[in-house]
*Asks:* 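Here's a structure for you.
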Number of protein chains: 2
Amino acid sequence: MRPLIADHLRNAGIQPSAQRVAVAEYVLATEDHPTADQVWAKVRKSFPMISRATVYNTLNLFVKKRLLRQFVLNDGKTVFDARVSRHHHFIDEETGRIYDLPWEALAVSKLESLNGFEVREYQVVVRGRAKNYSRRG
Amino acid sequence: MRPLIADHLRNAGIQPSAQRVAVAEYVLATEDHPTADQVWAKVRKSFPMISRATVYNTLNLFVKKRLLRQFVLNDGKTVFDARVSRHHHFIDEETGRIYDLPWEALAVSKLESLNGFEVREYQVVVRGRAKNYSRRG
DNA sequence: CATAGTTTTAGACTACTTCTAATTTTTAAT
DNA sequence: ATTAAAAATTAGAAGTAGTCTAAAACTATG
């Protein structure tokens, strides 16, 4: 169990356990946007006896403690995103792959004109096709 | 079976049936963003013997034929939205209610700067609190 | 090392959606 | 009208994703 990750969890107010560290090791480091079951599949490779419930519990705990964000796609799949800072999303309509877009890449104006709505956060969701000079799709 | 709705379906390439017209009558007219089961509940009032599978099939067909849009909330619920023209969404974090924001209410800039991504569509998703001089939340 | 609190576990359960395959309805051709 | 083919509908089974439960296993501390 790597001490750095354990400390990271402790700093977030989470008691580290072997299972939680195993989940954190994958999900906080990946740039994918995995579903809970994909996390379970990955983590089981290094920790074969971990249960599904624990993975779900752990992911929900991480979201509550703000180590992760949850993002629900238009097809209903719930994915997790280790990037907690503000950003937008690009969804490739062919592959389903989700890309993070830097916050500064887009600008939204006229938000102040939304009378009757108190804005807490927002993001732009862009759909289309990623051209494949990023090899990971 | 109202001829206008039947024609609307035919124009979209959908063979009208009594069931489809009953679903269309409600879901294409409402400003709510109902779930599939909410549509089923409503439609059964005028068409008590309609089956769940037909409602689901019909809604999916309408989405495919672009009479409806599907929108998945962050809590995982799938809702349908009869407003096919472009618009943004405001989600009230307390009530879960979704409001359509007019397309012109917000402006997104710098989309052209997304190198490597071919943009087909986009929308802004805003979260916060709706102040209640709209009485319907 | 006892105990209280926390975490994990397997599997049951729930909610939502799709699938299946049999039946009914519609369409189109005679 | 009759028929055959195609399309739509149906009830219920099956699949999926996620939560819950209650027992067992841990961990931290005195």
Side-chain angles (χ1 to χ4, degrees), chain A residues 1 3 5-7 9-10 12-27 33-44 46-65 67-80 96, chain B residues 1 3 5-7 9-10 12-27 33-44 46-65 67-80 96:
Chain A
M1 156 171 1
I5 291 180
D7 285 346
L9 296 185
R10 263 186 289 266
I14 296 169
Q15 206 172 33
S17 70
Q19 287 88 337
R20 287 171 177 177
V21 170
V23 172
E25 215 159 85
Y26 167 62
V27 83
H33 294 73
T35 65
D37 276 352
Q38 284 167 347
V39 174
W40 188 39
K42 283 277 186 188
V43 171
R44 262 188 306 174
S46 59
F47 202 135
M49 67 296 291
I50 195 170
S51 87
R52 214 159 96 92
T54 298
V55 172
Y56 275 82
N57 289 343
T58 301
L59 290 172
N60 289 340
L61 179 65
F62 286 3
V63 169
K64 200 170 78 186
K65 297 297 191 174
L67 295 179
L68 277 183
R69 272 170 179 255
Q70 219 166 354
F71 186 64
V72 182
L73 309 188
N74 255 19
D75 63 1
K77 285 190 175 38
T78 299
V79 300
F80 294 89
Chain B
M1 165 179 343
I5 291 180
D7 285 346
L9 296 185
R10 262 186 289 264
I14 296 169
Q15 207 170 32
S17 69
Q19 287 89 338
R20 286 171 176 175
V21 169
V23 171
E25 216 159 84
Y26 166 63
V27 82
H33 294 74
T35 65
D37 275 353
Q38 284 167 348
V39 174
W40 189 39
K42 283 279 185 185
V43 171
R44 263 188 305 175
S46 59
F47 201 136
M49 65 298 290
I50 194 170
S51 85
R52 220 162 189 272
T54 298
V55 172
Y56 276 82
N57 289 344
T58 300
L59 291 172
N60 288 340
L61 179 65
F62 286 2
V63 169
K64 200 169 79 185
K65 296 298 191 175
L67 295 179
L68 276 184
R69 275 170 177 253
Q70 219 167 352
F71 188 65
V72 182
L73 310 188
N74 255 20
D75 65 0
K77 284 191 176 36
T78 299
V79 300
F80 294 89

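Chain identifiers are assigned alphabetically (A, B, ...) following the order of the sequence lines, protein sequences preceding nucleic acid strands; residue numbering begins at 1 within each chain.
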*Asks:* Is the side chain of B:R20 donor-acceptor paired with the backbone N or O of B:T58 at a distance under 3.5 Å, no angle test?
*Replies:*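 No; judged by distance alone, with no hydrogens or angles, the pair does not exist.
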
*Asks:* Between A:R10 (CZ) and D:dT27 (P), how many Å, whole number?
*Replies:*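 Distance, rounded to whole Å: 12 Å.
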
*Asks:* Is the backbone N or O of B:I50 less than 3.5 Å from a side-chain atom of B:W40, with the two atoms forming a donor-acceptor pair by type?
*Replies:*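 Checking the backbone N and O of B:I50 against the side chain of B:W40, a donor-acceptor pair under 3.5 Å is found.
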
*Asks:* Does the pair B:L67 and B:V27 meet the rule for a side-chain contact (heavy atoms from CB on, under 4.5 Å), with working shown?
*Replies:* CA-CA 10 Å; B:L67 295 179; B:V27 82; over 6 Å; no

*Asks:* Let me know the distance between CD1 of B:I14 and P of C:dT27, rounded to the nearest Å.
*Replies:*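 Whole-Å distance recorded here is 15 Å.
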
*Asks:* Both A:Q15 and B:L61 contact DNA chain D. Taking the nearest nucleotide for each, which residue is further toward the 5' end?
*Replies:*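 The residue whose closest nucleotide sits nearer the 5' end is B:L61.
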
*Asks:* Let me know the distance between CG of B:L9 and C1' of D:dA8, rounded to the nearest Å.
*Replies:*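 To the nearest whole Å, that distance equals 14 Å.
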
*Asks:* Give the rounded distance in Å between these two atoms: CZ of A:R44 and P of C:dA10.
*Replies:*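 Rounded to whole Å, this separation is 10 Å.
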
*Asks:* Taking protein heavy atoms under 4.0 Å as touching, what does nucleotides 9-21 of chain D look like 5' to 3' if B marks base contact, S marks sugar-phosphate-only contact and - marks none?
*Replies:* SBB-----SBBB-

*Asks:* How close do B:A6 and B:P16 get, heavy atom to heavy atom, and via which atoms?
*Replies:*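 Taking every non-hydrogen atom into account, O-CG, 3.7 Å.
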
*Asks:* Nearest-Å distance, CH2 (A:W40) to C1' (C:dA10)?
*Replies:*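 Nearest whole value for this atom pair: 10 Å.
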
*Asks:* Does the pair A:R69 and A:F80 meet the rule for a side-chain contact (heavy atoms from CB on, under 4.5 Å), with working shown?
*Replies:* CA-CA 6 Å; A:R69 272 170 179 255; A:F80 294 89; over 6 Å; no

*Asks:* Find out whether B:F47 and B:V23 are in side-chain contact, i.e. whether some heavy atom of one side chain is under 4.5 Å from a heavy atom of the other.
*Replies:*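 The answer is no, as the side chains (C-beta and beyond) never meet within the 4.5 Å cut-off.
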
